[in-house]
Enquirer: 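The structure is given below, and queries will be raised subsequently.
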There are 2 protein chains.
Amino acid sequence: MRDEVARACADYGGSMCEDGGQADLVLATSDRLPDRLRVRGVPEDWQETGEEFLVARRDGVTVVAGGGPAGLLYGLFHVVRMGERAFGGDFPAQRHRPAMRRRMLDHWDNVAVHPVMGQVERGYAGGSLFWADGGPRGDLDRVRAYGRLLAAVGVNAVAVNNVNVHAAEARLLTDRLGDVADIADVLRPYGIKVHLSVTFAAPVVLGGLPTADPLDEDVRGWWARATERVYEAIPDFGGYLVKADSEGQPGPFAYGRSHADGADLLAGALAPYGGVVHWRAFVYDHRQDWRDRSTDRARAAFDHFAPLDGRFAENAILQVKHGPMDFQVREPVSPVIAAMPRTRLAVEVQVTQEYTGQQRHVCYLAPMWREVLGFEPSGGRPVSGVVAELAGVSNAGDDPYWTGHPLAQANLYAFGRLAWDPGLDPAGILDEWIDLTFPDVAGEVRAPLHAIMDDSWERYERYTAPLGVGWMVRPGHHYGPDVDGYEYTPWGTYHFADRDGVGVDRTRATGTGYTGQYPEPWSETYESPETCPDELLLFFHHVPYGHVLKSGKTVIQHIYDTHFAGAEEVAELLPVWEKLAGPVDPALHARVRDLLHEQLRSAREWRDQINTYFFRKSGVPDAHGRRIY
Amino acid sequence: MRDEVARACADYGGSMCEDGGQADLVLATSDRLPDRLRVRGVPEDWQETGEEFLVARRDGVTVVAGGGPAGLLYGLFHVVRMGERAFGGDFPAQRHRPAMRRRMLDHWDNVAVHPVMGQVERGYAGGSLFWADGGPRGDLDRVRAYGRLLAAVGVNAVAVNNVNVHAAEARLLTDRLGDVADIADVLRPYGIKVHLSVTFAAPVVLGGLPTADPLDEDVRGWWARATERVYEAIPDFGGYLVKADSEGQPGPFAYGRSHADGADLLAGALAPYGGVVHWRAFVYDHRQDWRDRSTDRARAAFDHFAPLDGRFAENAILQVKHGPMDFQVREPVSPVIAAMPRTRLAVEVQVTQEYTGQQRHVCYLAPMWREVLGFEPSGGRPVSGVVAELAGVSNAGDDPYWTGHPLAQANLYAFGRLAWDPGLDPAGILDEWIDLTFPDVAGEVRAPLHAIMDDSWERYERYTAPLGVGWMVRPGHHYGPDVDGYEYTPWGTYHFADRDGVGVDRTRATGTGYTGQYPEPWSETYESPETCPDELLLFFHHVPYGHVLKSGKTVIQHIYDTHFAGAEEVAELLPVWEKLAGPVDPALHARVRDLLHEQLRSAREWRDQINTYFFRKSGVPDAHGRRIY
């Protein structure tokens with residue numbers, strides 16, 4: 001904290017004094033605040049995390065009172081966000097506290113380069129900040145800078161390795177623990193706890209036990225001892241993150257045990273130290289038969305986990321992807337969120353743009369997340385009020401701009417801000433990011449950046465998979481279109497397009513019954529194509545191409561129109577960006593320009609493949625006679 | 001040669017004597033044949049290669065007279081093939097000489113494991129026989145056994161590395177030349193010359209020159225010196241094999257030179273030593289725009305090379321794939337073959353089953369090759385009379401059965417036999433292979449193996465891509481179906497299926513004009529859907545699903561019928577193979593059984609994906625009401 005203030009003084013002028021005598025700004029935990037500066041409103045009920053803070057200005061002194069060191073740090077960064085306003089006229093005490101108990105970034109970083117997935121699975125920002133070529137990356141200064149960045153946006157937990165735990169990564173739990181401790185030491189001053197992805201098979205692959213059965217005493221003992229050693233090395237260790245029985249990862253099913261049994265095993269080992277286990281609900285059959293239209297991957301998380309509500313330990317957090325599938329550009333909110341009132345839940349979003357342009361396309365995701373967090377699963381209470389935590393798959397790497405696409409930084413920023421306050425307006429968050437990122441030219445870049453970014457998620461949706469159908473991406477890398485790429489695969493990701501229509505019938509009446517996983521009103525709303533929102537129509541219904549949307553357009557004409565429009569809008573971004581050649585740093589400007597050209601190429605490819613595919617299938621000509629191949 | 005005979009004596013009894021006094025079998029080059037054994041018919045015009053031989057039996061002595069050591073070796077293996085018949089009643093002299101001057105196997109083996117393609121590109125038989133993990137495999141005994149195997153089928157040339165020449169492989173030409181010489185030493189006694197795939201950019205990447213321009217004096221000098229050193233190490237070195245300006249490989253186009261210029265460069269360097277350059281005609285635009293229906297990859301080889309006829313050096317051999325695309329299960333014969341009468345041609349076939357089941361499916365390819373070699377491009381003279389050589393991409397690796405699928409050995413065998421005598425009957429070749437492979441139980445296994453293998457190529461065709469359309473495979477690995485997998489890619493491999501019809505219009509009248517690359521009668525035959533052979537219909541024409549084939553069936557019903565039939569036939573192979581559990585070695589039997597199960601699974605997957613795809617697109621129900629998903 002002191003270091004941060006000293007750094008700010010060095011960068012921007014000013015000096016530090018210990019007693020706050022002549023200071024413009026006083027920072028103190030509330031119990032150490034000098035009486036004369038005590039502001040009205042310091043609460044009796046500071047959150048036990050110490051992350052809360054008050055900020056006020058009175059008699060020409062700006063005071064930040066923190067509930068603890070973390071609160072003080074967040075208060076300092078809040079003052080930075082306020083800028084000049086923090087030092088203008090007096091203002092009364094404002095209380096700030098995070099909505100989400102844990103605001104966590106999950107790094108899908110591999111220690112050893114994976115032959116298919118590389119150093120960072122689904123990473124589009126260079127290498128890992130933590131690991132390189134089988135060991136620590138060895139640049140703890142960069143990790144420190146990252147910690148500072150995350151603290152500035154309010155993130156307080158980081159998982160340092162991929163949820164798919166391969167051989168080298170498994171050993172972070174044991175003989176490579178020192179590498180994790182090094183990271184923890186660097187992130188600790190920023191209020192960030194380190195979490196570790198572990199393999200459920202660790203007792204077997206690391207401990208040499210014959211089983212990883214969660215009810216086996218030796219297995220429980222092994223986890224207890226392993227966890228004890230972790231806390232010896234990292235006293236404030238956050239906990240474990242587990243992907244079990246999912247896409248080939250080991251899990252409790254192998255022993256005939258439930259996921260509650262599995263999570264309980266690790267929760268039990270962590271409980272004595274105050275650690276938590278994040279147990280992912282992303283469990284489904286990835287060896288499905290495409291011929292079998294009764295199996296529905298969207299149902300899987302609910303079917304697996306809803307019956308277990310109330311069976312998870314106090315320090316187990318069920319981490320649920322925001323949608324029932326896998327981070328598509330448009331999905332309904334997962335029905336698991338409303339189905340488990342007696343379970344601590346984290347909702348997981350993907351900051352890294354696996355399915356949203358892979359940091360080659362501009363796609364500002366705050367509007368999507370805002371929509372998810374504001375969704376009211378069963379009337380009244382929004383998702384942000386139901387879940388205790390927000391987890392995001394990090395989009396940061398060792399790229400000089402942190403995120404590959406410089407504008408993708410805004411997603412990292414918005415993730416932290418929405419986890420702190422899910423009520424924030426995405427455009428307002430973007431303004432904050434613009435002010436902090438382009439402080440000297442914010443006025444010049446603001447309008448163009450809003451033009452480029454505000455609508456970028458829905459723009460991306462327009463030129464990619466239509467009406468919530470999803471999955472029309474190239475298998476494997478998931479970049480660019482391939483309408484049938486997943487249609488005949490075991491992944492459970494189908495659109496069922498034929499010459500007459502398209503979409504997945506997930507109704508109770510005639511389909512997979514997935515709509516029945518929602519409480520009212522959504523169960524009914526989604527059940528009928530008349531009430532189902534247009535943007536999710538093909539997620540819930542198989543309809544003829546001539547089906548008329550609420551917009552008055554047919555499905556097929558909607559597909560054509562949105563794809564022509566989306567690609568055209570991307571073309572219009574280029575001159576907007578060109579206008580920023582002056583105010584913006586030339587290297588950054590050139591990077592974004594190159595990426596916009598790729599985005600345009602790709603958007604046109606999407607437009608043409610999607611339109612051609614559906615024209616060839618439907619035979620319906622475009623009402624406006626535009627070129628379809 | 002002596003070693004071979006000694007080995008035969010050791011294995012089967014008998015002894016060797018130098019003067020042939022009491023021998024049952026006398027082997028001698030014709031100039032050293034004792035007068036008393038001189039058989040009638042030793043010609044004056046032995047081929048200069050010395051590969052020819054006579055075999056006769058008179059007065060209880062079987063005599064093999066070879067035109068040279070190689071002929072003697074081939075004669076010995078011929079006697080082995082004859083078996084008891086060679087030692088029964090007398091028979092007059094039979095003259096045997098190879099139809100093809102060079103019978104060459106190209107190994108697409110990498111020295112260093114390629115991150116995507118592995119140790120052997122398109123290899124389905126384990127690792128390489130020559131290379132492992134960046135260096136020589138170090139088992140020259142296995143190479144020797146391979147040489148013996150190849151000599152027994154008449155192969156006389158082997159290219160020891162992949163035509164896609166990566167960094168480690170490029171250096172085989174220079175500082176890693178010793179590794180090639182070691183292989184040459186082992187293969188030499190078997191009459192096999194070693195060839196090397198080289199990169200056209202060698203003067204730059206190995207020689208440090210600023211250019212690889214074929215008309216540059218320094219470049220010519222560099223190749224001359226490099227080649228001189230090769231011949232110092234390997235005096236009977238065969239020559240170079242080059243893939244230039246193809247799929248990313250460097251070539252003369254970069255310098256504004258023609259492929260004749262490029263080939264001439266290497267031919268010039270090799271000529272002093274009697275070496276040859278094999279220059280591949282597989283040149284096309286692999287960055288095509290799928291939207292552009294005027295560009296036709298099938299045209300590319302002809303368009304690039306036909307104008308160069310007569311411009312290639314005497315010792316340059318243009319190596320042409322048998323079809324215009326790339327080893328699909330059904331293609332027309334390449335029009336290049338008829339178009340270059342003043343150029344020495346090799347026709348290239350793929351013994352390795354990249355597109356024909358990857359040695360997991362039984363697919364005996366001799367009928368396909370027989371059809372190609374017997375095709376008469378312009379009336380009268382078959383392909384086998386036009387081309388000087390047959391080249392095959394090897395299907396052999398370090399698998400215990402050599403070829404992964406034990407029955408794929410028959411393809412290796414048939415390749416050599418057809419290169420020696422393109423008039424041989426595929427079923428007869430299979431009989432030879434059965435006799436040699438299952439000598440003790442040939443009678444028992446013969447009929448079942450014919451049932452499994454004779455029709456296996458057309459069976460494979462039935463359940464995969466229909467009517468010559470090709471390319472409905474998973475991109476990348478090329479195993480299993482993906483109808484649209486290549487449809488919107490830059491590879492030039494499309495089927496243009498829409499709700500009304502399918503196929504590529506390659507006519508002069510309305511299509512790409514590819515039919516015009518053929519002389520009469522094919523130019524006319526292929527131009528009209530009425531005269532075009534059914535099995536190539538969709539290669540040449542885009543027709544409605546209701547188009548009636550010569551069989552009387554519609555295209556769509558043909559698709560359904562062949563796919564149901566093909567998969568059903570595969571199911572019927574299993575009980576046939578089970579009957580061989582007794583006579584056949586248990587390990588081999590189990591291997592084939594496992595593979596047949598995979599073939600059945602895969603055939604059903606093909607059936608269902610292809611039928612479903614076309615049903616969804618056409619909307620035409622199966623006339624017999626079978627299950628389509």
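A note on names: the letters A, B, ... follow the listed sequences, proteins ahead of strands, and every chain is numbered from 1. Reckoned from all heavy atoms, side chains included, excluding hydrogens, waters and symmetry mates. Owing to the predicted nature of the structure, the values given are computational and were not obtained by experimental measurement.
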Enquirer: Do any of residues 285-293 of chain B have a heavy atom less than 4.5 Å from a heavy atom of chain A, and if so, which, in residue order?
Expert: Trp290(B), Arg291(B), Arg293(B)

Enquirer: Is the positively charged end of Lys617(B) above the ring of Phe614(A), judged by distance under 6.0 angstrom from the centroid and angle within 45° of the axis?
Expert: no

Enquirer: For chain B, which of Ser618(A), Gly619(A), Pro115(A) has the most heavy-atom pairs under 4.5 Å?
Expert: Ser618(A)

Enquirer: What distance do Gln609(B) atom CD and Glu487(A) atom CD have between them, rounded to the nearest 0.5 Å?
Expert: 9.5 Å

Enquirer: Is Tyr488(A) close to Asp482(B) at the side-chain level, that is, under 4.5 Å between some pair of heavy atoms?
Expert: no

Enquirer: Using a 4.5 Å heavy-atom cutoff, which residues in residues 598-606 of chain A come close to chain B?
Expert: Arg604(A), Glu605(A)

Enquirer: Measuring heavy-atom distances to chain A, does Pro475(B) have an atom under 4.5 Å in its side chain, in its backbone, in both, or in neither?
Expert: side chain

Enquirer: Heavy-atom pairs under 4.5 Å with chain A - which of Asp608(B), Thr489(B), Asp484(B), Asp498(B) has more of them than the others?
Expert: Asp608(B)

Enquirer: Using a 3.5 Å distance criterion without hydrogens, assess whether the side chain of Arg499(A) forms a donor-acceptor pair with backbone atoms of Arg499(B).
Expert: yes

